[in-house]
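When a ligand or atom number is given, it counts from 1 through the structure's own listing order.
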Amino acid sequence: MTRSLVMATSNRHKVTELTQLLTGLSWQVQSLQDYPAVAPPDEDGATFEANALHKALYYSKLLGAPCVADDSGIMVDALSGAPGVLSARYAGPGCSDADNNARLLHELNDVPESRRTARFVCCAAFAEPDGRTHVEEGIVHGRIGFAAAGDNGFGYDPLFIPEGHQITFAQFTLSQKQAISHRGRAFRKLRAFLESLP
Ligand code: ITT
């Protein structure tokens with residue numbers, strides 16, 4: 001019997017990336033759109049891991065199905081790790097990706113290239129309705145550019161230049177991004193764990 005696995009995220013860009021990263025898995029992968037609408041959980045944990053576990057457990061219990069959740073964000077060294085777990089709402093409640101990128105550029109106004117180092121972090125959590133969980137983490141290092149560039153991806157992708165490259169994630173193709181991204185790294189490990197379950 002094929003097992004079902006729900007991608008428990010309301011971010012449509014994550015759904016696109018996770019769909020590709022979970023392709024070919026011996027689980028039937030579903031999204032929240034396959035279930036009746038439920039209110040999203042609070043995200044007030046202090047770490048990516050706490051938030052990812054909370055999201056996965058919340059949806060798994062509510063939907064009665066195994067779920068994977070992703071909590072992710074960007075940590076900028078010159079800002080002591082901000083925006084971190086607050087990445088989605090850095091420019092305030094209801095803000096857009098463009099608002100967040102504008103705020104980040106503003107905060108780094110006087111910061112030279114050598115000190116614009118940053119990393120994307122992704123915690124990928126799996127939870128079952130009985131409370132069992134598993135978490136994996138992925139990180140990609142890079143730096144923040146001086147202006148937005150590129151139309152692909154989402155969030156801070158137009159500002160993030162991964163280490164060893166001269167273009168932003170928003171100038172990468174989806175497959176190129178997934179090969180080195182925080183999400184690609186975390187979910188390839190989670191995928192291996194899922195395949196190892198009896
Ligand atoms: P769910 O909680 O429903 O999954 P969300 O968008 O609220 O959706 P997060 O709380 O994990 O998810 O916030 C992640 C934010 O971090 C996201 O909105 C972006 O601003 C940023 N981010 C994470 N991964 C990113 C990526 O691959 N590229 C660009 N920005 C990213």
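Interatomic distance, Asp97 CG to Ser87 OG, rounded to the nearest 0.5 Å: 11.0 Å. The CD atom of Glu136 sits 14.0 Å away from the CZ atom of Arg191 when rounded to the nearest 0.5 Å. Expressed to the nearest 0.5 Å, how far CG of Leu105 lies from CG of Leu159 amounts to 4.5 Å.
Nearest non-hydrogen protein atom to atom 2 (O) of ligand 1 is Lys55 NZ, 2.7 Å. For atom 28 (N) of ligand 1, the closest heavy atom belonging to the protein is Asp157 OD1, 2.7 Å. Nearest protein heavy-atom contact of atom 7 (O) of ligand 1 is Glu43 OE2, 3.9 Å. Protein heavy atom closest to atom 30 (N) of ligand 1, with residue, atom name and distance, is Tyr156 N, 3.1 Å. In terms of protein heavy-atom proximity, atom 4 (O) of ligand 1 is nearest to Thr9 OG1, 2.6 Å. Looking at atom 24 (N) of ligand 1, its nearest protein heavy atom turns out to be Arg183 NH2, 2.9 Å. Counting protein heavy atoms only, atom 31 (C) of ligand 1 is closest to Phe120 CE2, 3.5 Å. The shortest contact between atom 14 (C) of ligand 1 and any protein heavy atom is with Ser72 O, 3.2 Å.
Judged by distance alone, the side chain of Arg116 and the main-chain N or O of Ile144 form a donor-acceptor pair under 3.5 Å. No side-chain donor-acceptor contact under 3.5 Å links Glu195 to the backbone of Ala192. At least one donor-acceptor pair closer than 3.5 Å links the side chain of Asn101 to the backbone N or O of Gly155.
Those atoms of ligand 1 that come under 4.0 Å of a heavy atom in Ser10, given as number and element, are 3 (O). With ligand atoms numbered from 1 in the order given, ligand 1 contributes 3 (O), 6 (O), 8 (O) to contacts under 4.0 Å with heavy atoms of Asn11. Close approach of ligand 1 to Asp71 is summarised as follows: ligand atoms under 4.0 Å from at least one heavy atom of the residue are 9 (P), 10 (O), 11 (O). Under a 4.0 Å criterion applied to the non-hydrogen atoms of Lys14, ligand 1 contributes the atoms 1 (P), 4 (O), 5 (P), 8 (O), 9 (P), 11 (O), 12 (O). Of all the atoms in ligand 1, the ones that sit under 4.0 Å from a non-hydrogen atom of Gly155 are 29 (C), 30 (N). Of all atoms in ligand 1, listed by their number and element, those nearer than 4.0 Å to a heavy atom of Lys177 are 26 (C), 27 (O), 28 (N). Each of the following atoms of ligand 1 lies closer than 4.0 Å to a heavy atom of Asp70: 4 (O), 11 (O).
Lys177 and Glu17 are joined by a salt bridge, as a carboxylate oxygen and a charged side-chain nitrogen come within less than 4.0 angstrom of each other.
Aromatic ring centres of His165 and Phe172 lie closer together than 6.0 Å. Annotation: Phe193 is in aromatic contact with His134 [ring centroid separation under 6.0 Å].
Donor-acceptor pairing under 3.5 Å is lacking for the side chains of Ser60 and Glu128.
Contact annotation for His13 and ligand 1: no heavy atom of the residue comes within less than 4.0 Å of the ligand. The backbone and the side chain of Phe154 each have at least one atom closer than 4.0 Å to an atom of ligand 1 (non-hydrogen atoms only).
Ligand 1 has Gly73 within reach: a non-hydrogen atom of the residue lies less than 4.0 Å from it.
Both tests do not hold together for Arg132 against Phe126: distance to the six-membered ring centre under 6.0 Å, angle to the ring axis within 45°.
Listed by first then second residue, pairs satisfying salt bridge (charged side-chain N to carboxylate O under 4.0 Å, His left out) with a partner in residues 60-84 read Lys14-Asp70, Lys55-Asp71, Asp70-Arg183, Asp77-Arg119, not counting sequence neighbours.
Residue contacts with ligand 1: Asp97 is placed with no nitrogen or oxygen under 3.5 Å of a nitrogen or oxygen of the ligand (distance criterion only).
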